[in-house]
Student: 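Encoded as structure tokens, here's the structure I'll be asking about.
Below, read A as the first sequence line, B as the second, and so on, with proteins coming before strands; counting in each chain starts at 1. Computed over heavy atoms, backbone and side chain alike; hydrogens, waters and symmetry mates excluded. All of these numbers come straight from a predicted model, not from anything done at the bench.
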Amino acid sequence: MELSKPRGTRDFLFEEMNQRKQVEATLKKVFETYAYQEIKTPLFENLSLFTIKSGEQIVEQLYNFKDKNERELTLRPEITAPVARLYMSNMQKSPKPIKMYYYGSCFRYERPQKGRYRQFWQFGCELIGGKTPEADAEIITMASQSLEKLGLEGYEIHIGHLGIVRGLLKEAQVEESHQEQIMVLIDKGDVEELQNFLKEVDMDYETTNILLMIIEMKGGCEILDNLRAKINDKKMVLDALDEFSQLLKTLNDFGVGDFGRNTKFVINLGIARGLDYYSGMVFEIYVPKLGAQKQICGGGSYNLIENFGGEKVGSTGFAFGFDRLMGALIHQNKELKSDGAANIFVAPISNATRPKSFEITQKLRNAGISTEVDLGRRKFKKILTYANHIGARYVILVGEKDLLEGNITLKNMETGDQEEIPVDNIVEHVLKLI
RNA sequence: GCCGGGGUGGGGUAGGUGGUUAUCCUACGGGACUGUGGAUCCCGCGACUCGGGUUCGAAUCUCGGCCCCGGCCCCA
């Protein structure tokens with residue numbers, strides 16, 4: 001029998017799970033304060049959902065399979081497409097904007113590496129309809145605030161806008177397949193390869209110059225002005241620049257985009273995000289200290305729904321790579337509390353007091369207090385040792401002598417102090433303590 | 001898909017030029033200790049990643065698989 005777990009998967013034990021739950025709870029809270037509501041979609045989908053727009057070659061990276069009725073299915077590699085599908089079938093006529101968030105695992109058949117697993121978790125959101133620079137700004141604000149609440153340090157939010165390059169290429173009447181190729185090269189950040197390609201397709205001098213400039217543009221607000229000065233009358237590009245400027249201004253209004261003092265924001269026109277359904281604003285968040293797995297978040301505005309044949313509706317979304325986010329927090333030794341299993345341990349001193357112990361235990365549980373009682377018929381000393389090891393904060397000693405006077409002994413495991421408490425007052429007494 | 005480093009009780013390790021019963025720490029179970037935990041001592045439990053090869057004999061040498069770690073490619 002094969003008892004090992006499949007390659008690229010992980011088990012999460014108590015401590016790690018507690019930490020993950022804490023981060024999950026924090027993110028949920030932030031997203032909900034921005035009026036997003038949680039949804040859940042299936043772990044597997046029809047294979048075609050992911051091949052329609054991404055092409056057949058992505059099947060290489062999917063956990064796909066046929067079910068017993070020969071249906072072509074796949075474990076989901078991401079959650080944006082399932083959300084778009086869900087929107088198409090249930091929400092097309094819902095009032096806009098629709099704000100949804102999700103948390104769940106995704107699967108990719110890739111070589112496992114640091115910060116990359118075959119089952120991994122994404123925590124993300126989609127805002128469908130009502131897409132404006134202001135909406136984009138709110139989304140970035142939410143991503144930023146999530147990280148602030150988590151106490152993450154040393155991250156950078158890189159913001160770009162695909163409308164600038166796309167507009168430039170359209171104005172230059174570059175043919176579509178070349179446009180795609182250029183986007184891919186920009187995403188890779190390979191200047192040399194881009195140069196060669198532009199030469200190969202006889203790109204005009206001015207466009208080449210601007211493209212080569214854009215790919216390396218990183219910095220503060222001044223970048224947009226610099227670029228604007230170089231663009232004469234290319235309307236599509238100027239529109240995109242205006243939109244970008246409005247986004248940045250709104251970030252300021254939300255109180256997070258202060259580029260002068262806050263170096264965490266970087267305008268980065270070299271972001272392209274490989275996917276062809278991204279259209280306007282794009283952003284990625286990096287934690288440079290993490291090296292190869294530094295990207296912890298990515299997103300942008302897209303028109304996936306149009307590509308699925310729906311009505312045109314502007315949408316924006318992003319997702320945290322939850323595992324990498326955890327990695328970043330742990331890397332900086334961020335203290336994440338890890339509660340023990342029980343606050344109270346009820347320890348019968350002799351077998352005669354076991355029935356009374358169970359009764360007391362249940363009273364505490366009914367009051368919502370996490371309580372454990374010895375079920376192992378162990379000796380009193382062993383019970384205390386065990387209670388100590390699992391980190392119980394208090395132990396209730398149930399002994400015959402005390403019971404004769406209607407008392408139990410409450411022991412504080414941290415200090416060792418103990419006091420006698422009337423059995424009838426246990427619950428209210430304990431509630432005051434924890 | 002490519003390159004490199006690894007895999008010894010539950011966790012962490014020693015051994016490695018082939019040779020008795022594989023080291024130590026910790027954890028776990030029991031005891032010393034019949035109403036008081038974290039200490040000490042004793043006893044117990046428990047491992048050479050899997051398969052083939054060389055050999056009288058393999059944890060050790062060799063080949064392959066699996067898995068882990070790091071770096072590329074990729075990352076919709």
Side-chain angles (χ1 to χ4, degrees), chain A residues 1-11 13 15 45 47 49-62 64 74 76-82 84 106-118 120 122 180 183-184 187-188 190 272-278 282 284 290-296 298-300 302 304 307 317 319 321 323-324 345 347-353 357 374 376-404 407-420:
Chain A
M1 183 167 51
E2 183 55 81
L3 281 182
S4 60
K5 58 190 182 318
R7 181 160 204 217
T9 62
R10 291 159 293 163
D11 293 319
L13 273 55
E15 192 184 0
E45 295 274 359
L47 179 63
L49 180 66
F50 301 103
T51 53
I52 286 177
K53 275 336 274 183
S54 308
E56 291 294 331
Q57 79 281 1
I58 72 149
V59 173
E60 294 297 310
Q61 292 155 59
L62 294 179
N64 60 311
T74 185
R76 62 186 183 193
E78 48 100 16
I79 305 187
T80 297
C106 302
F107 304 82
R108 295 184 192 179
Y109 191 87
E110 291 182 296
R111 191 188 176 293
Q113 266 180 59
K114 189 171 190 181
R116 177 193 268 181
Y117 305 94
R118 289 186 170 180
F120 59 97
Q122 287 201 335
E180 285 315 313
M183 297 305 288
V184 169
D187 190 35
K188 278 175 87 171
D190 191 330
R273 292 199 62 72
L275 290 177
D276 50 5
Y277 58 71
Y278 283 103
V282 286
E284 297 181 343
L290 295 183
Q293 73 276 28
K294 67 177 180 176
Q295 192 188 327
I296 59 166
Y302 58 86
L304 186 57
N307 288 345
D323 306 279
R324 290 189 179 183
F345 202 107
I349 289 171
S350 63
N351 285 330
T353 61
S357 300
D374 177 65
R377 303 181 180 180
R378 285 204 267 205
K379 286 191 198 169
F380 179 54
K381 255 192 125 139
K382 292 288 177 188
I383 295 173
L384 275 184
T385 303
Y386 178 71
N388 181 47
H389 284 183
I390 65 164
R393 293 169 61 195
Y394 295 91
V395 173
I396 288 174
L397 314 183
V398 187
E400 292 176 65
K401 288 182 209 159
D402 293 344
L403 283 180
L404 287 176
N407 291 335
I408 51 86
T409 299
L410 181 70
K411 182 180 180 77
N412 180 326
M413 291 299 277
E414 219 167 295
T415 63
D417 297 342
Q418 52 189 55
E419 56 182 323
E420 294 195 3

Student: Mark yes or no for whether A/Arg324, through its side chain, and A/Gly115, through its backbone, hold a donor-acceptor pair below 3.5 Å.
Tutor: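 Checked: pair present.
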
Student: side-chain contact (heavy atoms from CB on, under 4.5 Å), that's the test. Do A/Leu384 and A/Leu397 meet it? Break it down for me.
Tutor: CA-CA 9 Å; A/Leu384 275 184; A/Leu397 314 183; 4.3 Å; yes

Student: I want to check one thing: is the phosphate of B/rU36, taken as OP1 and OP2, less than 4.0 Å away from some side-chain N or O of A/Lys381?
Tutor: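 For A/Lys381, the contact criterion (side-chain N or O under 4.0 Å from OP1 or OP2 of B/rU36) is not met.
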
Student: Would you mind reading off the distance between A/Asn388 atom CG and B/rG38 atom C1', rounded to a whole angstrom?
Tutor: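 Rounding to the nearest Å, CG of A/Asn388 and C1' of B/rG38 are 5 Å apart.
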
Student: If you assign each of A/Lys382 and A/Ala392 to its closest nucleotide in RNA chain B, which residue comes earlier from the 5' end?
Tutor: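 Nearest-nucleotide comparison on RNA chain B picks A/Lys382.
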
Student: Do nucleotides 68-73 of chain B as a string where each nucleotide becomes B, S or -: B if the base has a protein heavy atom under 4.0 Å, S if just the sugar-phosphate does, - if no protein is that close.
Tutor: SBBBBB

Student: With C1' as the reference atom in both, quote the distance from B/rA14 to B/rC48 in angstrom, rounded to an integer.
Tutor: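 About 12 Å, rounded to a whole number of Å.
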
Student: Determine the interatomic distance between P on B/rC50 and the same-named atom on B/rG7; round to the nearest Å.
Tutor: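 The answer is 13 Å between these two P atoms.
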
Student: Using a cut-off of 4.0 Å on non-hydrogen atoms, how would the nucleic acid contact of A/Gln295 be classed: base, sugar-phosphate, or nothing?
Tutor: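 The answer is nothing, as A/Gln295 stays clear of every strand by at least 4.0 Å.
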
Student: Indicate yes or no for a side-chain donor-acceptor contact from A/Arg393 to the backbone of A/Glu414 under 3.5 Å, with no hydrogens or angles considered.
Tutor: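 A pair under 3.5 Å: no.
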
Student: Using the P atom as the reference point in each nucleotide, state the distance between B/rU62 and B/rG71 in Å, no decimals.
Tutor: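 It works out to 28 Å between them.
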
Student: Yes or no on side-chain contact (heavy atoms from CB on, under 4.5 Å) for A/Ser357 and A/Asp374, after CA distance, side-chain angles and deciding distance?
Tutor: CA-CA 9 Å; A/Ser357 300; A/Asp374 177 65; over 6 Å; no

Student: Examine distances only and state if a side-chain atom of A/Arg108 and a backbone atom of A/Pro77 form a donor-acceptor pair shorter than 3.5 Å.
Tutor: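 Checking the backbone N and O of A/Pro77 against the side chain of A/Arg108, a donor-acceptor pair under 3.5 Å is found.
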
Student: Could you check how far CZ of A/Arg378 sits from P of B/rG31, rounded to whole Å?
Tutor: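 For the pair A/Arg378 CZ and B/rG31 P, the rounded distance is 11 Å.
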
Student: What integer number of Å spans the C1' atoms of B/rU49 and B/rG44?
Tutor: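 About 27 Å, rounded to a whole number of Å.
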
Student: Begin from the C-alpha positions of A/Glu180 and A/Val184 and carry the test side-chain contact (heavy atoms from CB on, under 4.5 Å) through to its verdict.
Tutor: CA-CA 6 Å; A/Glu180 285 315 313; A/Val184 169; 5.6 Å; no

Student: What is the distance, rounded to the nearest whole Å, between atom CZ of A/Arg118 and atom P of B/rC74?
Tutor: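 After rounding, the gap between these two atoms is 18 Å.
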
Student: Could you please name the partner base of B/rA27, counting Watson-Crick and G-U wobble pairs only when both distances are under 3.5 Å?
Tutor: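 Its partner is none (no Watson-Crick or G-U wobble pair with both distances under 3.5 Å).
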
Student: Looking at A/Phe107, is A/Arg118 sitting on its ring face, NZ or CZ under 6.0 Å from the six-membered ring centre and within 45 degrees of the normal?
Tutor: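 Judged by the rule (NZ or CZ under 6.0 Å from the ring centre, within 45° of its axis), A/Arg118 is not positioned above A/Phe107.
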
Student: Starting at CD of A/Glu400 and ending at C1' of B/rU36, how long is that distance when rounded to a whole Å?
Tutor: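 So the two atoms are 15 Å apart, to the nearest Å.
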
Student: From C-beta outward on A/Ile349, which listed nucleotide comes closest to its side chain: B/rG35, B/rA32, B/rC28?
Tutor: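 Looking only at heavy atoms from C-beta outward on A/Ile349, the closest nucleotide is B/rG35.
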
Student: Assign A/Arg76 to base, sugar-phosphate, or nothing according to its heavy-atom contacts below 4.0 angstrom with the strands shown.
Tutor: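 If one applies the 4.0 Å heavy-atom cut-off, A/Arg76 turns out to touch nothing in the nucleic acid.
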
Student: If you measure from the C1' atom in B/rG4 to the same atom in B/rC75, how many Å do you get, rounded?
Tutor: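 Going atom to atom, C1' in each nucleotide, I get 22 Å.
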
Student: Would you indicate which nucleotide in B/rU36, B/rA32, B/rC75 comes nearest to any side-chain atom of A/Lys379?
Tutor: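 From the listed options, B/rA32 comes nearest.
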
Student: Which base sits across from B/rG4 as a Watson-Crick or G-U pair, both distances under 3.5 Å?
Tutor: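 The base-pairing partner of B/rG4, which may sit in any strand shown, is B/rC69.
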
Student: Assign each of A/Gly416 and A/Tyr386 to its nearest nucleotide of RNA chain B by heavy atoms, then name whichever residue's nucleotide is nearer the 5' end.
Tutor: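 So the residue in question is A/Tyr386.
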
Student: Can a donor-acceptor pair be found, under 3.5 Å and without considering hydrogens, that links the side chain of A/Thr353 to the backbone of A/Val398?
Tutor: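 Flag set: sc A/Thr353 to bb A/Val398 pair under 3.5 Å.
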
Student: Write down the distance between CG (A/Asp11) and C1' (B/rG10), rounded to a whole number of angstrom.
Tutor: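 So the two atoms are 14 Å apart, to the nearest Å.
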
Student: In whole Å, measure the gap between the C1' atoms of B/rC24 and B/rG5 for me.
Tutor: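 Going atom to atom, C1' in each nucleotide, I get 25 Å.
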
Student: For the side chain of A/Lys411 and the base of B/rU36, is some donor closer than 3.5 Å to an acceptor across the two?
Tutor: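 Yes, the side chain and the base share a sub-3.5 Å donor-acceptor pair.
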
Student: What is the nucleic acid contact for A/Thr80, judged by heavy atoms within less than 4.0 Å: base, sugar-phosphate only, or nothing?
Tutor: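 The residue A/Thr80 makes no contact with any strand.
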
Student: What is the distance, rounded to the nearest whole Å, between atom CD of A/Glu15 and atom C1' of B/rG11?
Tutor: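 Distance check: A/Glu15 CD to B/rG11 C1' gives 14 Å.
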
Student: Whole-Å distance between B/rG35 C1' and A/Glu420 CD?
Tutor: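 Those two atoms, CD and C1', are 11 Å apart.
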
Student: Using a 4.0 Å heavy-atom cut-off, does A/Glu110 contact any base of the nucleic acid, only the sugar-phosphate backbone, or nothing at all?
Tutor: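 Base, at least one base heavy atom under 4.0 Å.
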
Student: Take atom P in B/rC69 and the same atom in B/rC33, then report the distance between them in whole Å.
Tutor: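 49 Å, rounded to whole Å.
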
Student: Please determine if a side-chain N or O atom of A/His389 lies less than 4.0 Å away from the OP1 or OP2 oxygen of B/rC28.
Tutor: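 Looking at the OP1 and OP2 atoms of B/rC28, one of them is under 4.0 Å from a side-chain N or O of A/His389.
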
Student: Roughly how far apart, to the nearest Å, are B/rA47 and B/rG37 at atom P?
Tutor: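 Here B/rA47 and B/rG37 have their P atoms 33 Å from each other.
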
Student: Find the distance A/Ile383:CD1 to B/rC33:C1' and express it as a whole number of Å.
Tutor: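 Whole-Å distance recorded here is 15 Å.
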
Student: Kindly indicate, with the supporting measurements, whether the criterion side-chain contact (heavy atoms from CB on, under 4.5 Å) is fulfilled by A/Asp11 and A/Leu13.
Tutor: CA-CA 6 Å; A/Asp11 293 319; A/Leu13 273 55; 4.2 Å; yes

Student: Does A/Leu62 reach a base, just sugar-phosphate, or nothing at all? Heavy atoms under 4.0 Å.
Tutor: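 Base, at least one base heavy atom under 4.0 Å.
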
